[in-house]
Amino acid sequence: LLAMGVSMAVANLGLLLGHVPDPVQHELLKQLVDDPTPAHIARVALLAVVVAPLLEEAAYRGLIQTLLGDRLGRRFRWGIVLGVAVFFALAHQSVVGWSAMPGLLVLGVVFGAAYERTGSLWTPVAAHAVFNAANIAIALTLIER
């Protein structure tokens with residue numbers, strides 16, 4: 001909710017400045033809205049709710065955050081969480097609108113903090129899956145019937 005709220009606040013700021021953001025910020029979700037067939041919805045859901053959370057969290061939190069934490073030590077853990085979150089957000093810039101970037105940064109911090117607090121990769125994987133599922137549900141509501 002925090003990440004979505006930040007993205008909405010940035011989008012509203014953009015509106016005040018005269019920029020009208022696309023209501024669907026992710027390229028995969030735009031494809032879903034353009035082709036809402038059951039088979040396509042199933043493919044997008046599998047990729048976004050299962051594959052992406054597993055692969056991305058294994059890479060960002062499981063590999064990068066863990067390696068940096070091991071190398072730099074626990075006293076730098078929140079700086080590492082922030083740095084990995086920046087990397088996470090920047091890695092998505094080719095598929096999301098500009099107003100989604102601050103929300104993705106917040107999301108990366110939340111996922112990194114969840115990993116730090118629980119010590120389990122399953123926590124950010126589950127949170128990532130829920131976030132992506134919520135975005136799919138929102139995108140599906142935008143489909144003209």
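These figures come from a predicted structure and were not determined experimentally.
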So which heavy atom on Leu63 is nearest to which on Ala59, and how close?
-> CB-O, 3.2 Å
Name all pairs fulfilling the salt bridge (charged side-chain N to carboxylate O under 4.0 Å, His left out) condition that reach into residues 4-14, sequence neighbours left out, sorted by first residue then second.
-> none
Same cluster (ILVMFWY, side-chain, under 4.5 Å), Phe88 and Trp122 = no
Nearest heavy-atom contact between Gln65 and Gly112 is NE2-O, 3.2 Å
Please name all residues satisfying side-chain contact (heavy atoms from CB on, under 4.5 Å) with Val50, sequence neighbours left out, ordered by chain then number.
-> Leu46, Leu54
With sequence neighbours excluded, tell me which residues meet ring pair (Phe, Tyr, Trp, His ring centres under 6.0 Å) with Phe76.
-> none
If Ile, Leu, Val, Met, Phe, Trp and Tyr residues are connected whenever their side-chain heavy atoms lie under 4.5 Å apart, and connections chain through other members, are Leu67 and Phe87 in the same group?
-> no
Rounded distance (nearest 0.5 Å) linking atom CG of Leu72 with atom CD1 of Ile80 | 4.5 Å
What pairs of residues pass the salt bridge (charged side-chain N to carboxylate O under 4.0 Å, His left out) test when at least one of them lies in residues 130-139, not counting sequence neighbours?
-> none
Would you say Ile64 and Leu82 are hydrophobically clustered, going by side-chain heavy atoms of ILVMFWY under 4.5 Å?
-> yes
Taking it one step at a time, do Tyr60 and Phe111 satisfy side chain to side chain contact (heavy atoms under 4.5 Å, CB included)?
-> CA-CA 9 Å; Tyr60 293 109; Phe111 294 162; over 6 Å; no
At their closest point, which heavy atom of Pro124 faces which heavy atom of Arg61, and how far apart are they?
-> CG-CG, 4.5 Å
Sequence neighbours excluded, the answer for side chain to side chain donor-acceptor pair (under 3.5 Å) partners of Ser120 is none
Determine all donor-acceptor pairs shorter than 3.5 Å in which one atom belongs to a side chain in residues 125-134; sequence neighbours excluded.
residue : atom : partner : partner atom : Å
His128  : ND1  : Glu57   : OE2          : 2.6
His128  : NE2  : Glu56   : OE1          : 3.4
Asn132  : ND2  : Ala48   : O            : 2.6

Keeping to residues at least two apart or across chains, list the salt bridge (charged side-chain N to carboxylate O under 4.0 Å, His left out) pairs with something in residues 90-103.
-> none
Output all residues satisfying side-chain contact (heavy atoms from CB on, under 4.5 Å) with Val44, sequence neighbours left out; order by chain, then residue number.
-> Leu28, Leu32, His40, Ile136
Listed by chain and number, what are the side chain to side chain donor-acceptor pair (under 3.5 Å) partners of Ser94, not counting sequence neighbours?
-> none
What pairs with Arg75 under side chain to side chain donor-acceptor pair (under 3.5 Å), at least two apart in sequence or on another chain?
-> none
If you group Ile, Leu, Val, Met, Phe, Trp and Tyr by side-chain heavy-atom gaps below 4.5 Å, do Ile138 and Leu107 land in one group?
-> yes
Which pairs with one or both residues in residues 77-88 pass side-chain hydrogen bond (donor to acceptor under 3.5 Å, both in side chains), sequence neighbours excluded?
-> none
Of all the heavy-atom pairs spanning Leu105 and Ala89, show the shortest one and how long it is.
-> N-CB, 3.8 Å
Which pair of heavy atoms, one from Ala139 and one from Val33, lies closest together, and at what distance?
-> O-CG2, 3.5 Å
When clusters are formed by joining ILVMFWY residues with side-chain heavy atoms under 4.5 Å apart, either directly or through shared neighbours, do Leu121 and Val84 land in the same one?
-> no
Pairwise side-chain hydrogen bond (donor to acceptor under 3.5 Å, both in side chains) hits with a residue in residues 105-115, at least two apart | Thr66-Tyr115
